[in-house]
Amino acid sequence: LLQPAVSVGNVGQLAIDLVISTLDMTKVGYFYTDCLVPMVGNNPYATAEENSTELSINAEVYSLPSKKLVVLQIRSPFIKNKYRPFCEALLSWVKGSRCARVVVLSSSHAYQRDDEQLLGTPLRYLLTPDLEKAVGGLMQELNWKEMEKVAAYPGISDTDKVLHIPGGGITKLLFTESCSKGLQMAVLLKFCSEGDNIPDAFVLVNYLNEWLQLVKSEVSASNNSTDCSSQWKIPSSWRLLFGNGLPPALF
């Protein structure tokens with residue numbers, strides 16, 4: 001299962017858009033929940049007039065059996081205090097559906113990095129203990145950097161280290177719950193700021209592709225190469241990412 005965390009810059013959601021669009025994944029259902037702001041819109045992956053009027057909602061499930069891949073796309077923010085019920089419902093669905101592993105695409109505020117996190121690549125990963133046994137060695141080979149723990153009380157005590165993902169939305173809760181439930185989960189994240197986050201999405205999806213090889217690629221995300229070339233198909237909905245132009249009648 002591949003899914004985004006609703007986090008800073010919506011980078012995970014944009015990266016998921018690229019995966020669904022490029023692999024031409026089939027919508028197989030909805031994730032019904034009262035934890036997300038209700039939303040309805042046209043088909044974000046429309047390729048012709050015939051399929052442009054299909055409706056899409058806030059949480060939908062896409063599938064690609066040939067790659068044994070299921071994707072959950074989340075399109076709206078969480079309702080206040082609903083993080084935990086959503087995580088519980090999601091992880092119970094993961095267990096019930098017998099997903100082998102979960103990969104969460106996320107992001108974190110670039111301005112809240114500590115000194116160690118300012119060095120090198122802006123990409124990080126986390127693995128639950130159960131997944132670490134299976135793929136930990138591969139991450140070392142790829143030369144990936146694990147998300148550093150930071151001091152719980154900076155300036156007072158540097159011995160107490162905690163996982164801190166500012167701007168990461170449900171990322172930390174999902175990860176810690178998966179650790180305690182013995183699930184195989186990976187989190188891939190990028191440090192970024194709000195703004196035009198399309199380049200961040202390309203970097204994050206290339207990072208994911210280094211590991212899962214969803215499309216044939218020459219790009220190395222760990223070297224922060226943003227040459228996203230033409231291997232990913234941009235969905236039609238991205239034309240409206242920043243809204244329409246200013247109406248001339250204003251002037």
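The first residue of the sequence shown is numbered 1, and numbering continues consecutively from there.
Leu189 has its side chain within reach of Ser108: a pair of non-hydrogen atoms, C-beta onward, lies under 4.5 Å apart. Between Lys67 and Leu23, some side-chain heavy-atom pair lies under the 4.5 Å cut-off. Taking the side chain as every heavy atom from C-beta outward, Leu138 and Leu142 approach each other to under 4.5 Å. Side chains of Gln117 and Gln112 form no contact here, defined as non-hydrogen atoms less than 4.5 Å apart. Within the 4.5 Å cutoff, the side chain of Val19 has heavy atoms near those of the Met25 side chain. Using a 4.5 Å heavy-atom cutoff, the side chains of Ile234 and Phe202 are in contact. In this structure, Val215 and Thr22 have side chains that are in contact, with non-hydrogen atoms separated by less than 4.5 Å. Pro85 is listed as a side-chain neighbour of Cys35, based on a closest heavy-atom distance under 4.5 Å.
Of the possible donor and acceptor atoms, none in the side chain of Ser7 sits under 3.5 Å from a partner among the backbone N and O of Gly169. Judged purely by atom type and a 3.5 angstrom limit, Ser180 uses its side chain to pair as donor or acceptor with the backbone of Glu177. No side-chain donor-acceptor contact under 3.5 Å links Asp24 to the backbone of Ile20. The closest donor-acceptor contact from the side chain of Asp114 to the backbone of Val150 lies at 3.5 Å or more, if one exists at all. When atom types are taken as modelled, the side chain of Ser56 and the backbone of Asn43 share no donor-acceptor pair closer than 3.5 angstrom. Under the 3.5 Å distance criterion, the side-chain polar atoms of Ser236 are matched with a main-chain donor or acceptor of Ala46.
Under the ring pair (Phe, Tyr, Trp, His ring centres under 6.0 Å) criterion, Tyr62 pairs with Tyr45, sequence neighbours left out. Partners of Asp34 according to the salt bridge (Lys or Arg N to Asp or Glu O under 4.0 Å) rule, which considers only residues two or more places apart in sequence or in another chain, are Lys82. Residues meeting the salt bridge (Lys or Arg N to Asp or Glu O under 4.0 Å) test with Asp200, sequence neighbours left out: Lys190. Under the salt bridge (Lys or Arg N to Asp or Glu O under 4.0 Å) criterion, Arg75 pairs with Glu60, not counting sequence neighbours. Partners of His164 under the ring pair (Phe, Tyr, Trp, His ring centres under 6.0 Å) rule, at least two apart in sequence or in another chain, do not exist in this structure. The side chain to side chain contact (heavy atoms under 4.5 Å, CB included) check on Thr47 picks up Asn51, Lys233, with sequence neighbours excluded. Taking the ring pair (Phe, Tyr, Trp, His ring centres under 6.0 Å) definition, one finds that Tyr83 meets it with Phe78, sequence neighbours left out. Considering only residues two or more places apart in sequence or on other chains, Tyr111 meets the ring pair (Phe, Tyr, Trp, His ring centres under 6.0 Å) condition with His109.
Nearest heavy-atom pair across Gln231 and Asn206 is NE2-OD1, 2.6 Å. Counting all heavy atoms, side chain and backbone alike, Ala15 lies closest to Leu105 at CB-CD1, 3.8 Å. Nearest heavy-atom pair, Gly168 versus Ser106, reported as atom, atom and distance to 0.1 Å: O-OG, 3.9 Å. Across Ser76 and Gln13, no two heavy atoms sit closer than the pair N-NE2, 4.4 Å. Taking both residues in full, the closest heavy atoms of Pro235 and Pro44 are given as CB-O, 3.7 Å, listed atom of the first, atom of the second, then distance. Of all heavy-atom pairs between Gly195 and Asn197, the closest is O-OD1, 2.9 Å.
No chain of hydrophobic side-chain contacts below 4.5 Å, direct or via other Ile, Leu, Val, Met, Phe, Trp or Tyr residues, connects Phe175 to Leu127. Val11 and Val187 are not part of a single hydrophobic cluster, where members link through side-chain heavy atoms under 4.5 Å apart. Residues Val37 and Ile170 are members of separate hydrophobic clusters, defined by side-chain heavy-atom contacts under 4.5 angstrom among Ile, Leu, Val, Met, Phe, Trp and Tyr. Under the 4.5 Å side-chain heavy-atom criterion for Ile, Leu, Val, Met, Phe, Trp and Tyr, Phe86 and Ile16 are members of distinct hydrophobic clusters. Leu64 and Val61 are members of different hydrophobic clusters when ILVMFWY side chains are connected at heavy-atom separations under 4.5 Å.
Residue Asp115 qualifies as open at atom CG: its count of foreign heavy atoms under 6.0 Å is 12 or below. For Lys161, the NZ atom is densely surrounded, since the number of other residues' heavy atoms within 6.0 Å is greater than 12.
Interatomic distance, Gln73 CD to Gln3 CD, rounded to the nearest 0.5 Å: 10.0 Å. Rounded to the nearest 0.5 Å, atoms CD1 (Ile74) and CG (Leu36) are 6.0 Å apart. To the nearest 0.5 Å, atom CG of residue Leu214 and atom CG of residue Leu2 are 7.0 Å apart. One distance of note links OG of Ser63 with CG of Leu69; it measures 8.0 Å at 0.5 Å rounding. Atoms CG and CG, on Leu183 and Leu131 in that order, are 10.5 Å from each other to the nearest 0.5 Å. Taken to the nearest 0.5 Å, the CG atom of Leu123 stands 11.0 Å off from the CG atom of Leu208.
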Q: Assess whether side-chain contact (heavy atoms from CB on, under 4.5 Å) is satisfied between Leu204 and Ser107, documenting all intermediate values.
A: CA-CA 9 Å; Leu204 186 60; Ser107 49; 6.0 Å; no
Q.
Between Leu14 and Trp238, does the side-chain contact (heavy atoms from CB on, under 4.5 Å) criterion hold? Intermediate values first, please.
A. CA-CA 9 Å; Leu14 292 171; Trp238 281 23; 3.8 Å; yes
Q. For Asn209 and Trp232, what are the C-alpha separation, side-chain angles and deciding distance, and is it a side-chain hydrogen bond (donor to acceptor under 3.5 Å, both in side chains)?
A. CA-CA 11 Å; Asn209 200 51; Trp232 301 104; over 6 Å; no
Q) Going through the checks in order, is the side-chain contact (heavy atoms from CB on, under 4.5 Å) test met by Val135 and Trp211? A) CA-CA 10 Å; Val135 301; Trp211 172 26; 4.2 Å; yes
Q: List the steps and the verdict of side-chain contact (heavy atoms from CB on, under 4.5 Å) for Leu188 and Trp144.
A: CA-CA 10 Å; Leu188 309 188; Trp144 281 14; 3.6 Å; yes
Check residues 87-104 and write down every donor-acceptor pair under 3.5 Å in which the side-chain atom is one partner and the other belongs to a residue at least two apart or another chain.
unit_1: Trp93; atom_1: NE1; unit_2: Ser97; atom_2: OG; d: 3.2
unit_1: Ser97; atom_1: OG; unit_2: Trp93; atom_2: O; d: 2.7

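The side chain to side chain donor-acceptor pair (under 3.5 Å) contacts involving residues 125-139 comprise nothing, where partners must be two or more places apart or lie in separate chains.
Under the 4.0 Å criterion applied to side-chain N and carboxylate O atoms, Glu148 and Arg124 are assigned as salt-bridge partners.
With side-chain heavy atoms closer than 4.5 Å counting as contact, directly or through intermediates, Val8 stands alone and belongs to no larger hydrophobic cluster. Within the hydrophobic cluster formed by Ile, Leu, Val, Met, Phe, Trp and Tyr side chains joined at under 4.5 Å, directly or through other members, Ile57 is accompanied by Tyr30, Val40, Leu55.
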